[in-house]
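Keep in mind that this is a model prediction, so the values were computed, not measured.
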Amino acid sequence: MTRKAIFLDIDGTLANHRGVVPDSAREAVRRARANGHLVFVCTGRSLAELWDHILAVGFDGVIAAAGGYVEHDGQVLSHVSVPVQQVRRVVEYFDAHGVQYFLEANSGLYGSAGLKERLHELAFAGVTDETLLAELERGIGPFIDSVIVDGDPVRYDINKISFLDSPVPLDEVDAVFGDAFTVIPATVPVFGPNSGELAIPGVHKADAIALLLDHLGIDLADTMAYGDGHNDLEMLKHVAVGVAMADAVPELLAVADEVTASADDDGLLASFTAHGLV
């Protein structure tokens with residue numbers, strides 16, 4: 001069959017909602033690449049959040065920061081950052097309103113003073129099952145450990161800003177910052193209610209895919225993408241075949257060409273098999 005370029009979201013797609021990549025997903029990616037197809041990460045995460053157990057799956061390139069960073073074979077094709085004055089504006093507002101947040105850069109994750117404690121509460125509170133605890137430690141544990149909480153988090157290399165379990169409603173955050181950011185709900189359920197992301201307007205996964213395809217000389221007709229969250233909308237509408245996971249947000253299910261099972265139910269492998277990729 002014709003070589004395909006396949007774009008995979010991470011959280012809730014390649015990995016489950018606890019941040020762990022199922023063995024079936026690893027197998028799907030490995031076998032598809034062995035058959036000559038190209039598989040790319042296409043995630044809202046920044047490079048600092050692509051842990052070894054994610055990258056060890058093996059990919060042909062990376063789209064990160066929800067389209068703000070594009071890399072192929074060690075070559076950076078695009079990288080855009082939030083103007084520092086806007087980063088400062090968000091940090092001052094969130095600090096004043098008790099909102100926990102982290103600033104995402106390729107160099108690291110820079111968090112608010114109470115972020116680690118609140119994240120641990122959200123992820124682990126009330127969990128007593130040893131298997132689930134072990135999976136959370138493998139999945140979200142490295143994220144919590146990696147966050148840098150040390151003085152002023154404002155930097156010049158921030159890709160986007162995430163906030164969690166906010167006392168300020170999402171629509172209010174949008175009203176305050178909609179002039180400078182695209183505000184969408186968070187893609188990680190463990191972050192709790194009123195969680196979201198502030199991204200650079202006009203930056204999304206579809207444009208990053210278009211840039212990468214042009215660089216590689218691949219026809220859009222030979223593309224597929226898989227996702228589950230709000231930041232996957234443009235991606236699934238752009239590619240030839242857009243596949244939503246079964247537990248995707250309703251907005252994504254409405255635009256998807258197909259629906260496959262969830263990450264925990266081996267959705268990637270099932271779809272790759274159905275399409276003859278493996």
Side-chain angles (χ1 to χ4, degrees), residues 6-32 39 41-59 62 64 66 100 102 104 108-109 111 114-149 162-165 185-197 226-232 243-249 252 259-273 278:
I6 307 159
F7 299 89
L8 302 180
D9 174 51
I10 292 180
D11 296 294
T13 303
L14 174 70
N16 64 23
H17 289 299
R18 296 171 296 284
V20 174
V21 179
D23 289 341
S24 63
R26 295 177 185 277
E27 179 185 357
V29 173
R30 179 187 61 78
R31 290 170 59 188
V39 183
V41 167
C42 195
T43 179
R45 296 189 186 197
S46 292
L47 288 189
E49 300 164 90
L50 299 184
W51 322 122
D52 290 344
H53 76 273
I54 298 288
L55 293 179
V57 174
F59 300 99
V62 172
Q100 302 299 332
F102 57 98
E104 302 180 40
L109 305 175
L115 179 75
K116 285 192 173 187
E117 180 180 357
R118 187 65 187 126
L119 270 172
H120 199 276
E121 290 174 353
L122 288 168
F124 292 95
V127 179
T128 57
D129 181 86
E130 291 187 1
T131 301
L132 179 55
L133 281 171
E135 191 168 49
L136 287 168
E137 288 288 358
R138 282 194 296 139
I140 198 170
F143 167 73
I144 297 174
D145 293 340
S146 72
V147 176
I148 300 166
V149 180
S162 293
F163 60 97
L164 53 95
D165 191 37
T187 59
V188 183
V190 75
F191 285 175
N194 287 324
S195 300
E197 301 177 357
Y226 293 78
D228 74 305
H230 291 90
N231 66 6
D232 298 316
V243 184
M245 311 305 283
D247 50 357
V249 297
L252 198 69
V259 177
T260 190
S262 68
D264 279 323
D265 290 329
D266 306 326
L268 285 186
L269 183 57
S271 180
F272 278 29
T273 301
V278 301

So, taking the atom named [atom1] in [X] and the one named [atom2] in [Y], what distance separates them when rounded to the nearest 0.5 Å?
| X | Y | atom1 | atom2 | result |
| --- | --- | --- | --- | --- |
| K116 | I148 | NZ | CD1 | 8.5 Å |
| L122 | L164 | CG | CG | 6.0 Å |
| F59 | L8 | CZ | CG | 6.5 Å |
| S24 | D266 | OG | CG | 3.5 Å |
| T43 | L50 | OG1 | CG | 6.5 Å |
| D23 | R30 | CG | CZ | 11.0 Å |

Atom pairs and distances, donor-acceptor, side-chain atoms in residues 137-147, under 3.5 Å, two or more places apart:
| residue | atom | partner | partner atom | Å |
| --- | --- | --- | --- | --- |
| S146 | OG | P142 | O | 3.4 |
| S146 | OG | F143 | O | 2.9 |

Contacts of type side-chain hydrogen bond (donor to acceptor under 3.5 Å, both in side chains), residue E49, not counting sequence neighbours: none

Contacts of T13 that satisfy side-chain hydrogen bond (donor to acceptor under 3.5 Å, both in side chains) - sequence neighbours left out: D9, D228

Check: Y226/T260 side-chain N/O donor and acceptor closer than 3.5 Å: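 Per modelled atom types, Y226 and T260 side chains form no pair under 3.5 Å.
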
Are side-chain heavy atoms of [X] and [Y] found at a separation under 4.5 Å?
| X | Y | value |
| --- | --- | --- |
| W51 | R45 | yes |
| D264 | R18 | yes |
| E121 | D165 | no |

Heavy-atom pair of closest approach, residues [X] and [Y]:
| X | Y | value |
| --- | --- | --- |
| L14 | P22 | O-CD, 3.3 Å |
| S262 | M245 | C-CE, 3.9 Å |
| A123 | L136 | O-CD1, 3.4 Å |
| A261 | D265 | CB-O, 3.6 Å |
| G19 | H53 | O-NE2, 3.3 Å |
| G227 | A248 | O-CB, 4.3 Å |

Any donor-acceptor pair under 3.5 Å from Q100 side chain to G114 backbone: yes

